[in-house]
Structure formats: C-alpha cells, structure tokens
There are 2 protein chains.
Amino acid sequence: MSGRDWRPRYVQVAEDLRERIASGELASGSVLPGELELAERYHLSRTSVRNAIRQLREWGLVRVERGRGTYVRAPRERVTRYNAERYQWEKDRVRKSEEERRSTGGVEFDTGLTVADLTFHAEYGELRADEDLAGAFGAPVGTRLLRRVYWTRPGTDTAPLSLARSYLPYDLAARNPELLDAGNEPWPGGTQHQLATVGVEVDRIEERVTARPPLPDEADRLDVEPGVSVLAVRRVSLDVEGRVVEVVDAVYPGDRIELVYPIQLRRWNGAGERWS
Amino acid sequence: MSGRDWRPRYVQVAEDLRERIASGELASGSVLPGELELAERYHLSRTSVRNAIRQLREWGLVRVERGRGTYVRAPRERVTRYNAERYQWEKDRVRKSEEERRSTGGVEFDTGLTVADLTFHAEYGELRADEDLAGAFGAPVGTRLLRRVYWTRPGTDTAPLSLARSYLPYDLAARNPELLDAGNEPWPGGTQHQLATVGVEVDRIEERVTARPPLPDEADRLDVEPGVSVLAVRRVSLDVEGRVVEVVDAVYPGDRIELVYPIQLRRWNGAGERWS
DNA sequence: GAGTGGTCTAGACCACTGT
DNA sequence: CAGTGGTCTAGACCACTCC
C-alpha cells in the first residue's frame, strides 16, 4: 500500500481477504486461518479480525462453523425463477395424465433436475387466521386454515432454495381428504392440481416482493449468513371467481435466486407517430 | 424474566429495547440513552451494548448518527409499486397532450403525491458498455451508452425511495439531441415518451429481482442502515422489434418498498372437470 | 486435550456534533 | 468544551468439534 489508507484496519483486512478469495489464493471450500493466527499475521487484535470476518460473512464470501473454522464459500450460481411461465406451465399440466405429472415437479422447471435429485420436505398443520392472513384472504380473523410448510433443495447441494409457508382455507381443502394428508406429498402436479381436485381453477396470481434480513431460523435453514438478505414473496392465488384460494409466504436466499417478471404492454397497432 | 435465559446477554438487551420501541415507551424520533449509560443500566460492557444496538440497526429499528446519538426510526410505511400497471399507464400517457403529461410523473403513480412534493435528481453521462451491460443489450462490449442516474424522494421525507441507473444506446438517444441534456429532466412523460420521440415503441419489459446488502454509497443515499437489505431490480425494455432499448439498474430500500407483480393465467374456458 | 468461533470485560484513543 | 458513536486492545471464559 502506498500512502495512508484511512479506512479502518478491519475494513482493510476484509478487503485483503476478499481479494485473496477472488484471486483463488484462498480456494472455495478451504479453511481460513484461525482468528488468533489472522490477528498475529495482520498485527491486530482478535476483535478487529472478527470485525473483518463479519464483513466477509455479510458479503456472502465465507461461512462460519462453530468449533470448526471459517470456510470460503463456493461462488453461488444464481437460480433464475420465471414464475409467470412456471405457473402457466403448472396450470397446463393439471390436465395432463397422472404419469406425466408424476415425472416432474416445479423445482425441475427452474433447475432442469429430475425428482430423484431433489430433497423435498412438507409439514402439515392447522391454523386460525391472524389479522394479517385474514386480510390476505378477505376472510374473518380466526378462519380455519390448512398450513403447509415446504422446503426443497437440489440433492447435491446442502442449501435449500426456498422455504415456503402455504395457507389454504381449511374448508376448501377438506373437500378432498387426501389434501389434508402430508403423506401424499410431493403431490404430482403441485398446488394447482390439488386445488383442481376440489373444483378450483386458479385464474390470477399476485406476487408481492420485499427484501429483509433473514430471521434466525431462516438463516439456518436457507444456509445464508445472518446479515445477508432474503427475498420475501407473498403469493396470493385467485380463482376464476376472484376468491383467494391460497396464500404463500416464500423466502429465498437473496444471493442465490433471481426472480424474473415479464411485463407485456399493449401495442399501439399502426397508430403511427401520434406523439406530440 | 423467570428461569434462565440462555440467549446471549446482548440479544436479550436487543429484545428488551425492541419491546420498548414497539410499546411506544421509546417513541419514534426520540434518542436512545448513550452507550455508556445503557451499559450501566444493563450492567454490561459497552461492547455488549453495541452488539445489541447492531441488532436493532439490522432490524431497521434505529438510526445511528455519529457524534449525535442513536434515534428510534419512524415505523416505515411501505410504498407499493405496481410496475406492470405503471408501465402500461406510462405507455398510454405517451400519446396524451404535453400538458397532461406534465402534470404527473411516475412516482406520483405510486404515492399519490404531485410533482411539487417531490425532490428529483438526474445526472447524465456517457459510458462504454462493459461485459455485463453489453450482454444485457446484446451488443458488443464497448458500445457507447447514455448513462443517467436518478433519485427521487417524497419532499417531506428525507429518504429517497429509489436510486436508478438507466442506460440507453447512445446512438439511439442522439437522434433527438434534447435527450442528451439533463436540463430537460424531469421529462414530462418519462422514458417511454423520450423513446417515442426517436421512434421507439416499448413492447415488453422484463424485471429481474434480487436482494442483497446495500453498498456503502447506497446505504448513504437510501438512508438504510448497513446490514439492512435492498431490492436490486434490473429492468430491460424491448421495443416491438425485440431490440433492447433501455436497461435500468434500480435499487430500493427493502423495508420501504414492496413490488407487486400480477400474473394472469389462461382460462380453461368451460372445459369442465377434465382433471383426472 | 487442543483448536475453533461466540461472548464478554474494562479499559483506550479518535472524529464528530453540539454548546 | 462535554458527549456521542467508531475503532481497537489484551485479556478471559465458554461451547463446540475433532482427534
């Protein structure tokens, strides 16, 4: 370094380590030197080194494991989700044969993987709508809901790609008792097919996207460092009569997922140069 | 507290302060006691108190100002952006009179505010496409681009709602020299009208949404604490011939913005109960 | 038992803000 | 000037992992 560097020392250390990771000197998967050793090397206290490491965690560059060490993360490839196309694809699939439906699920749509490569988890439960959910359903507080929790991940990876809480009106789901049994998951054809078995055609889906730091349990399950961001998506499905038939709160690791939304505008159709 | 609380002390302090803020005991806008005083009150070291305050910052509950103090944030109302409707509305407006266009801009569409209530900033510059932008435009690296930086905020608030970098192919923009002059901003009618003056009809817009921690300068400008998340949106506009006519990289404070995307599915149209 | 990261202490000096 | 938050030190004890 030539001249003074006025940034705090711990920022300089973080920068230095960042460069070493980027250059491959610290290969992904390898262990960083222990905090005491880093402190010695950089002539700093352990506290300052820890501050530097906190930066690296927030940047998503390292993963810290208690009692073991600090590891360089594999550069994460982003998975791109085309939700609009995906839901249409799921809807089209509802009317295909069970065999066809069984062969692929929604995650494969994103990743190209087959069912065998995926770890899938589902938990079912019951719930009374709180104010928030009641508002989403346009139903009274206390309405009985079927609550389902999912997480999916590519079998090769250790990191789930999504964590989703789905809510269905209990009375609606109960029309087909099979829908109340978590043992039937993964359901061939997905939620839209499940809804179809009780006579519901999904017509319109609205996604509300926000970003926030992960809650502690989400950080665990999605394997994101606390301090990294997650995308929180609330997905509301409406049937052809405009009734809310499902509400999903999904959480994605912000650094591994990219959500793509296409917006088609109406054409002017040969109106020529009418602008002023 | 009854029984042992095994969480770290600083987490307990953060929780305690969180509850005091939620209950209104610490009103929004008010100053927290200094770190030394908090340390004394909780019988902790200043370091531990600082850890607690770091949590509150990540939760977006307090804002820290150096040399002044730590302030309780106003609970942030979320602004909801309906981008699909918004772009259609902007497109429709292209063919309205200049007077009509002049009266409202895009931000008002979201907030209901009028132009007078808004602070608007634009900077123009030139740029050669790097690999990333060249890929987005489907053009060679080094292609000349017009680069425009915007930020907007409600005049009453101190916090910008968005920070956007827009890129246009320079040769396209140069067909109307007025488009090269930042002095013409805010342009009545927005980008779609600007493009219309050089003969472009925008047909399709694609938004790619990700989440990440803010860069230091973004944290400054958007007034989010470092550690809080931002929504990063890349918006690509295509004209009726499928050419990329604009690329925008927009950043929104994740805790103040909600992006809504409607997804309309094709109807089955009286096909009846064909599911198996 | 040795090594790791997580928490915590009791100091210190600094730059910045207000009066 | 006094008070604030930002950085930094040189220790300490703990729970956890691995051998």
Side-chain angles (χ1 to χ4, degrees), chain A residues 4-17 26 29-73 158 216-217 219-220 223-228, chain B residues 4-17 26 29-59 61-73 158 216 219-220 223-228:
Chain A
R4 280 274 175 282
D5 189 340
W6 295 106
R7 294 172 303 169
R9 311 276 301 268
Y10 76 88
V11 174
Q12 298 176 39
V13 171
E15 266 305 320
D16 184 61
L17 289 171
L26 291 165
S30 64
V31 197
L32 250 63
E35 295 176 352
L36 287 169
E37 188 179 336
L38 284 174
E40 205 172 320
R41 283 201 206 172
Y42 285 105
H43 305 290
L44 278 173
S45 69
R46 194 178 150 217
T47 308
S48 294
V49 167
R50 280 181 62 76
N51 276 334
I53 290 176
R54 173 150 34 85
Q55 287 250 309
L56 296 177
R57 297 176 68 164
E58 282 175 13
W59 293 339
L61 295 177
V62 300
R63 176 186 66 252
V64 173
E65 289 178 32
R66 244 182 103 165
R68 270 206 282 273
T70 304
Y71 295 84
V72 179
R73 269 190 184 285
T158 52
D217 71 304
D220 261 13
D223 184 34
V224 290
E225 295 296 320
V228 169
Chain B
R4 280 272 175 284
D5 189 341
W6 294 107
R7 294 172 302 170
R9 311 274 301 267
Y10 76 89
V11 174
Q12 299 175 39
V13 171
E15 266 305 321
D16 185 61
L17 290 171
L26 290 165
S30 65
V31 197
L32 251 64
E35 295 176 351
L36 286 169
E37 189 179 336
L38 285 173
E40 204 173 321
R41 283 202 206 171
Y42 285 105
H43 304 291
L44 278 173
S45 69
R46 194 177 152 219
T47 308
S48 295
V49 166
R50 279 181 62 76
N51 277 335
I53 290 176
R54 174 151 36 83
Q55 286 250 308
L56 296 176
R57 297 177 68 164
E58 282 176 12
W59 293 340
L61 294 175
V62 301
R63 177 185 63 251
V64 173
E65 288 177 34
R66 237 179 117 159
R68 269 206 284 273
T70 303
Y71 296 84
V72 179
R73 270 190 183 285
T158 51
D220 261 14
D223 184 34
V224 290
E225 295 296 320
V228 170

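Numbers restart at 1 for each chain; the letters A, B, ... are given by sequence-line order, proteins then strands.
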Shortest non-hydrogen contact from [X] to [Y]?
X        : Y        : answer
Pro33(A) : Arg41(A) : CG-NH2, 3.7 Å
Tyr42(A) : Arg9(A)  : O-NH2, 3.8 Å
Val13(A) : Leu44(A) : CG2-CD1, 3.5 Å

Margin query: With rounding to the nearest 0.5 angstrom, report the CD to OG distance, Glu35(B) to Ser48(B).
Written below: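 With rounding to 0.5 Å, CD (Glu35(B)) is 11.5 Å from OG (Ser48(B)).
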
Notebook entry, point to check: Which sits closer to the 5' end of DNA chain D, Arg9(A) or Gly67(A), going by the nucleotide each is nearest to?
Noted result: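 Nearest-nucleotide comparison on DNA chain D picks Arg9(A).
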
Next item on the list: Check each residue of residues 32-50 of chain A for a non-hydrogen atom within less than 4.0 Å of any atom in DNA chain C, then write out the ones that pass by number, or none.
Entry: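 Of all residues in residues 32-50 of chain A, the ones placing a heavy atom under 4.0 Å from DNA chain C are Gly34(A), Glu35(A), Arg46(A), Arg50(A).
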
Notebook entry, point to check: If you count the non-hydrogen atoms of other residues, nucleotides and ligands that lie under 6.0 Å from CD in Glu65(A), is the total more than 12?
Noted result: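 Yes, the 6.0 Å shell around CD holds more than 12 heavy atoms from other groups.
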
Notebook entry, point to check: So which of Val31(B), Leu61(B), Leu26(B) actually passes side-chain contact (heavy atoms from CB on, under 4.5 Å) with Val72(B)?
Noted result: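 Result: among Val31(B), Leu61(B), Leu26(B), Leu26(B) is the only option passing the side-chain contact (heavy atoms from CB on, under 4.5 Å) with Val72(B).
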
Next item on the list: For Arg54(A), report the nucleic acid contact type (base, sugar-phosphate, nothing); a contact means any heavy atom under 4.0 Å.
Entry: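 Answer is nothing: Arg54(A) stays at 4.0 Å or more from every strand.
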
Margin query: By the 4.0 Å heavy-atom rule, please label Arg7(A) as base, sugar-phosphate, or nothing.
Written below: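 Nothing: the residue Arg7(A), judged by heavy atoms under 4.0 Å, touches no strand.
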
Please list every donor-acceptor pair under 3.5 Å in which a side-chain atom of residues 52-59 of chain A meets a protein atom from a residue at least two apart or in another chain.
residue: Arg54(A); atom: NH2; partner: Asn51(A); partner atom: OD1; Å: 2.4
residue: Arg57(A); atom: NE; partner: Glu225(A); partner atom: OE1; Å: 2.7
residue: Arg57(A); atom: NH2; partner: Glu225(A); partner atom: OE1; Å: 2.8

Item checked: Partner residues of Ala219(B) under the side-chain contact (heavy atoms from CB on, under 4.5 Å) criterion, sequence neighbours left out ->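 Listed in chain order: Pro214(B), Val224(B).
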
Check: Would you write out the dot-bracket form of DNA chain D, 5' to 3', with Watson-Crick and G-U pairs under 3.5 Å, [ ] for crossing pairs, | for pairs to other strands and . for unpaired bases?
Finding: .|||||||||||||||||.

Notebook entry, point to check: First and last nucleotide of DNA chain D touching chain B, 5' to 3', heavy-atom cut-off 4.0 Å?
Noted result: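 Contacts span dG3(D) to dT7(D), reading 5' to 3'.
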
Next item on the list: Name all residues meeting the side chain to side chain donor-acceptor pair (under 3.5 Å) criterion together with Tyr10(A); count only those two or more places apart in sequence or in a different chain, and write none if there are none.
Entry: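 For Tyr10(A), no residue satisfies side chain to side chain donor-acceptor pair (under 3.5 Å) once neighbours in sequence are set aside.
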
